[in-house]
Amino acid sequence: MGLLAGRRALVLGVANDHSIAWAIAKALHEEGAEIAISYAGPALERRVRPLAESLGAGLVLPCDVSQEDEIDRLFAAVRECWGRLDILVHAIAFARREDLKGRLVDTSREGFRLALDVSAYSLIALARRAALLMTAGGGSILTLSFLGSERVFPNYNVMGVAKAALEACVRYLAWDLGTAGIRVNAISAGPIRTLSAAGIAGFREMLHRHAERSPLRRNVSAEEVARTAVYLCSDLASAVTGTVVFADAGYHTAGV
């Protein structure tokens, strides 16, 4: 029996087979969880659907998290198919490419709103619906962050601000939902080559410096982050909530 046998998990944010969200979905499935996957629009469906079907996912649905009606349709489908939910994985972030260049001070009002809406508020919107389905002794809600929430990384700009807001949401949601037995946590992962990372100028240099300066003197893999996710979504972490867990080869501890 796996650590997550009998659990039902909804994973948002899979873009392709290099996504951290995909690594998490696979790891949850390997530990016995039944998986549902959403994708962000028709352009990604041709990549995501075959991946989801390889895990036997019974639900593979579109969801633009900036649209309340699409979130409602997603959770209505989960309710109809499963009746309950045990795990929600929020692996979603977005900022306009032009807002990841230059200076934060030049970020437009609309660019700021969009980044915070998709990357941070969406966790609140999803958690509100998920909590209504987490009725079998609680559940686990997990999101993904990055050290740019605490420290300045060139060309991360408004996304760093969004991740800081996301981590604050984790703490407040953990307080709000704790009485229902629902735990809310984040993983702050080291830099990993993904579709989202491709939008960050100088990402190769970021990888190089991370490997050079982290205590383990290397980068991390999506599979390592996924194993951390399994821990946080399982009963092994039954007393862990409102926490940001680092899976970054110790880079966050380094003073240089």
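Remember, it's a predicted structure, so these values are computed and weren't measured experimentally.
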Does Ala21 offer a backbone N or O that forms a donor-acceptor pair with the side chain of Ser19 under 3.5 Å? no
Indicate yes or no for a side-chain donor-acceptor contact from Glu31 to the backbone of Gly2 under 3.5 Å, with no hydrogens or angles considered. no
State which residues pass salt bridge (charged side-chain N to carboxylate O under 4.0 Å, His left out) with Glu80; sequence neighbours excluded, sorted by chain then number. none
Going hydrophobic residue to hydrophobic residue with side-chain gaps under 4.5 angstrom, can you get from Leu232 over to Trp22? yes
Would a single hydrophobic cluster contain both Val48 and Val65, if residues Ile, Leu, Val, Met, Phe, Trp and Tyr are joined by side-chain heavy-atom contacts under 4.5 Å? no
Do the non-hydrogen side-chain atoms of Ser140 and Ile182 ever get within less than 4.5 Å of each other? no
Could you walk me through whether Val11 and Ser38 pass side chain to side chain contact (heavy atoms under 4.5 Å, CB included), step by step? CA-CA 7 Å; Val11 180; Ser38 82; over 6 Å; no
Expected output: side-chain Ser66 to main-chain Asp64 donor-acceptor under 3.5 Å: no
Taking every heavy atom of Thr253 against every heavy atom of Pro215, the minimum-distance pair comes out as OG1-CG, 3.6 Å
Can you tell me how far the CG atom of Leu88 sits from the CG atom of Leu123, to the nearest 0.5 Å? 7.5 Å
When you measure from the side chain of Asp86 to the backbone N and O of Gly139, does any donor-acceptor pair fall under 3.5 Å? no
Roughly how far, to the nearest 0.5 Å, is the OG1 atom of Thr107 from the CG atom of Asp99? 5.0 Å
As an exercise, state the distance from OG of Ser188 to CD of Glu167, rounded to the nearest 0.5 Å. 6.0 Å
Looking at every non-hydrogen atom in both residues, tell me the closest pair between Ala189 and Val225 and how far apart they are. CB-CG2, 3.7 Å
Using atom types as modelled and distance alone, determine if a side-chain donor or acceptor of Arg151 lies under 3.5 Å from a backbone N or O of Leu147. no
Is there side-chain contact between Met159 and Phe146, with at least one heavy-atom pair below 4.5 Å? no
Assess whether side chain to side chain contact (heavy atoms under 4.5 Å, CB included) is satisfied between Arg47 and Tyr39, documenting all intermediate values. CA-CA 9 Å; Arg47 298 177 186 170; Tyr39 54 89; over 6 Å; no
Taking NZ, NE, NH1 and NH2 as the nitrogens, is one of them in Arg129 or Glu68 under 4.0 Å from a carboxylate oxygen of the other? yes
Closest heavy-atom pair and its distance - Lys163, Ser145: CB-OG, 3.7 Å
Would a hydrophobic clustering, with Ile, Leu, Val, Met, Phe, Trp and Tyr connected at side-chain separations under 4.5 Å, put Leu55 with Leu10? no
Indicate yes or no for a side-chain donor-acceptor contact from Asp69 to the backbone of Arg73 under 3.5 Å, with no hydrogens or angles considered. no
How many angstroms lie between CG in Asp117 and CD in Glu110, if you round to the nearest 0.5 Å? 9.0 Å
Please answer: with hydrophobic residues joined when any side-chain heavy atoms are less than 4.5 Å apart, are Ile187 and Val170 in the same cluster? no
Say whether Phe94 and Leu12 are linked into one hydrophobic cluster, either directly or through other cluster members, by side-chain heavy-atom distances under 4.5 angstrom. yes
Atom pair CZ/CG of Arg79 and Leu85 - distance to nearest 0.5 Å: 10.5 Å
Contact summary for Ser54 and Leu51, nearest pair of heavy atoms: OG-O, 2.5 Å
Check: Arg113 side chain, Ser108 main-chain N or O, donor-acceptor pair, under 3.5 Å: no
I need the minimum non-hydrogen distance between Asn157 and Gly102, along with the two atoms involved. ND2-O, 3.3 Å
State whether the side chain of Thr243 and the backbone N or O of Val240 hold a donor-acceptor pair below 3.5 Å, judged by distance alone. no
Charged N-O contact under 4.0 Å between Arg227 and Glu30: no
Please step through side chain to side chain contact (heavy atoms under 4.5 Å, CB included) for the pair Val89 and Leu28, ending with a clear verdict. CA-CA 10 Å; Val89 177; Leu28 299 182; 4.0 Å; yes
Non-hydrogen side-chain atoms of Leu126 and Phe75 separated by less than 4.5 Å: yes
Can you label the angle between the Tyr251 ring and the Phe153 ring as parallel, tilted or perpendicular, going by 30° and 60°? tilted
Backbone N or O of Ser221 within a donor-acceptor pair of the Glu224 side chain at under 3.5 Å? yes
With a 4.5 Å limit on heavy-atom distance, are the side chains of Val230 and Leu3 in contact? yes
Starting at OG1 of Thr143, measure out to CG of Asn185 and round the result to the nearest 0.5 Å. 10.5 Å
Going through the distances and angles, do Val184 and Asp176 end up as a side chain to side chain contact (heavy atoms under 4.5 Å, CB included)? CA-CA 10 Å; Val184 187; Asp176 285 349; over 6 Å; no
Strictly by modelled atom types, are His90 and Ser122 linked by a side-chain donor-acceptor pair under 3.5 Å? yes
Short N-O contact, Asp235 and Arg7, less than 4.0 angstrom: yes
Taking all non-hydrogen atoms of both residues into account, name the closest pair between Cys233 and Leu4 and its distance. O-CD2, 3.5 Å
Under the 3.5 angstrom rule, does the side chain of Ser119 hit a backbone N or O of Leu116 as a donor-acceptor pair? no
